[in-house]
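Okay, so here's the structure we're looking at.
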There are 2 protein chains.
Amino acid sequence: MQLSTQEATSAGIFSASKRHRAPDAFDVLEQFGCNVVVRRTHEIYLHDEPTEFCWKIITGCARTVQLMEDGRRQVSEFHWPGDLLGMDDLETYYSDAEAVTDITLRRYPRRVVEAQANNHAPLALWLRTMTLAHLRCARRQIALLGRKTAVEKIASFLLEMDRRFAPVDGRLVELPMSRMDIADYLGLSIETVCRNLTHLQREGTVAILRSGVELRNRDALLEIACGTWS
Amino acid sequence: MQLSTQEATSAGIFSASKRHRAPDAFDVLEQFGCNVVVRRTHEIYLHDEPTEFCWKIITGCARTVQLMEDGRRQVSEFHWPGDLLGMDDLETYYSDAEAVTDITLRRYPRRVVEAQANNHAPLALWLRTMTLAHLRCARRQIALLGRKTAVEKIASFLLEMDRRFAPVDGRLVELPMSRMDIADYLGLSIETVCRNLTHLQREGTVAILRSGVELRNRDALLEIACGTWS
DNA sequence: CGCTCATTTGATTAACATCAAAACCAGTGG
DNA sequence: CCACTGGTTTTGATGTTAATCAAATGAGCG
C-alpha cells in the first residue's frame, strides 16, 4: 500500500534519529498565534481546565504530569521544541503541563485550530499524525514501565533523550529535568535513578556531568535497553 | 470554548459509564468493509507489517501486545466491540493484535479510509477522536504502571473492565482474558494477580467466579483504586 | 561564608518475583 | 458415569529488586 505524500512525510518526523522538522501543515495557523513565555516550574495548563488554547514549543522543555491525591506523581511525557502541547484532549486537559526550563511558546486558540482542521484536510491529517506520534511514545513507555528493570529504564531513557533532543551530533545528552522528574517519568525513586546512573558510570558506559550525561558507549546502552522497544 | 456538535458527541463516547456508541462517521465506509472471523489466540495483525487494513470489532475481545526479545510481554490495551483496530499507526503496525476470544471483525482497506478522511472532514475528526481516546487510555495506564501498587492496579483494572465492557447493568464483570493477560497488562506476575484477587475476595470486595468477577463493593474498589486516575 | 536545595551514597525494609507444588477445570475417551 | 490428561489457577516458601529511611556531599546564591 502506498500512502499519500503528505502522510509519508508527516510520519517520518518522529522516526528521524536526530530531531529535524519539516515545514508543517500547522503553518496555515501562523496568523492566529501569539508568543508567550513561561518560567521554569510554572504551569502551562492545568488538569480539567477547558481546552481553550494549544501551544507550539519554540525553545525550552516542558513536562506533562499526572498527580494522585496522596502526592504520587507520574510524568507522562517530556516535550521539546517543535512539539505541540494541549492538543491531546478534546474538551478538558487530561494532565497538567509545566515548564521544565524557561520556555517560549507560540499559542493558538483551539477554536481556530479545530475550525481550520475542519476545512483543511492536510491540517486534519497533521493533527492526527501528531496524536499518533504521542500514542506510539505512550505505548513504548507502557512497555518500559510494565516490563523493564531499573537499569533498563535508565538506559532507554538516555537513548530516548538523545534521539528526541540532541542539539549537537555528539555524545553529550543534556538533561534539563531534575532527578525527581526522571524518577517520576520512569516509575522509580530518585535514589534508584542515581544509583543506576552511577552504576552505568562505573562501567564506563556513561559519564555524568553537571549539565547532562555523556554517552561513552552507545552499543552497550542499546544492549542494556533491550533493543526493539527502547 | 464551545466545540462543534460532532466533536462533543464523539468525545462523550469513552466517558460514558457503560459502553454505548452513537452512530459514527465511520459509517461512510460501510460499503468498503467485509466481515472476517479470527479464532481465539490467533493474530489479527503483526508488528512491522504494512498497515494494509483496519478492523472494527463486531463481537469478541482483542489485545494489542508488545513482545521483548527475551519473551517479556506487555499487553498495551484490550479492545471491545465498537473499537477500531489497526488505525494506531501510519505505515507499519507498532504492536501485535491478537484475538482473546473468537472474534468477528469488519475489515476496511486503509487506503480507502485515508482517502475518505482526506475529503470528508467529519471522518477525519472521528479518526482523531478515536486516537485521542486511545491516548487518554494509554496515559491512564502509564500512571497505573508507574505509580500504583499491585492491589491498586487490580482494583483499577476491574473498574476499567466494568466501565468499558459490562453487557448487563449488574455487578458481574466478565473477564474473557487469562490471568497471564491480566498480569502482562498490569505489569505484574500471574501469582501476584491471583493473590490480590484472593485478597479482595477475602475482604468481601469482590467474588471470583469462573466467568469473571462480581463487584460486591464498588465504593471500596474505587477507594483502593485511588479515585481520579482509576 | 552560610544557607538552601538537589544529588549521591549507605543501611534497612517492604513489595513483588520466582520457584515449587497443589487444586481446579475442561475435554476426551472408556 | 468415571478416570485420565493438559492446561490454568491458586497457594505456599523463598529470593531479589527497588523503596524507604537516613546521612553526607555538592552546587548555586545572597
Spacing between B/Arg40 atom CZ and D/dG7 atom C1', to the nearest angstrom
10 Å
Salt bridge or not for B/Asp102 and B/Arg39, using N-O below 4.0 Å?
yes
Could you tell me how far apart A/Arg147 (CZ) and D/dA18 (C1') are, to the nearest whole angstrom?
16 Å
Mind pulling the stems DNA chain D is in, i.e. runs of at least three Watson-Crick or G-U pairs, everything under 3.5 Å?
C:1-30 with D:1-30
What integer distance in Å separates A/Arg210:CZ from D/dG28:P?
8 Å
Should A/Arg179 and A/Glu191 count as an ion pair when the cut-off is N to O under 4.0 Å?
no
Salt bridge flag under 4.0 Å for residues B/Arg218 and B/Asp162
yes
Under 4.0 Å, heavy atom to any atom of DNA chain C: which of residues 185-201 of chain A qualify?
A/Ile190, A/Glu191, A/Cys194, A/Arg195, A/Thr198
Separation of D/dT8 P from B/Ile208 CD1 (nearest whole Å):
18 Å
Between B/Asp181 and B/Arg73, is there a side-chain N and carboxylate O pair less than 4.0 Å apart?
yes
Spacing between B/Lys148 atom NZ and C/dA14 atom C1', to the nearest angstrom
21 Å
Whole angstrom value for the distance that separates P of C/dT7 from CD1 of A/Ile154
13 Å
Could you check whether B/Tyr185 and B/Phe157 have their ring centres less than 6.0 Å apart?
yes
Is any NZ, NE, NH1 or NH2 atom of the basic residue among A/Arg164 and A/Asp83 found under 4.0 Å from an Asp or Glu carboxylate oxygen of the other?
yes
Take atom CD of B/Glu152 and atom C1' of C/dC16, then tell me their distance rounded to the nearest Å.
14 Å
Indicate yes or no for a side-chain donor-acceptor contact from A/Thr64 to the backbone of A/Ser76 under 3.5 Å, with no hydrogens or angles considered.
no
Would you please say whether a donor-acceptor pair under 3.5 Å links the side chains of B/Glu98 and B/His42?
no
Is A/Arg72 paired with B/Glu152 through a side-chain N to carboxylate O contact shorter than 4.0 Å?
yes
A/Met177 atom CE is separated from C/dC5 atom P, nearest whole Å, by 22 Å
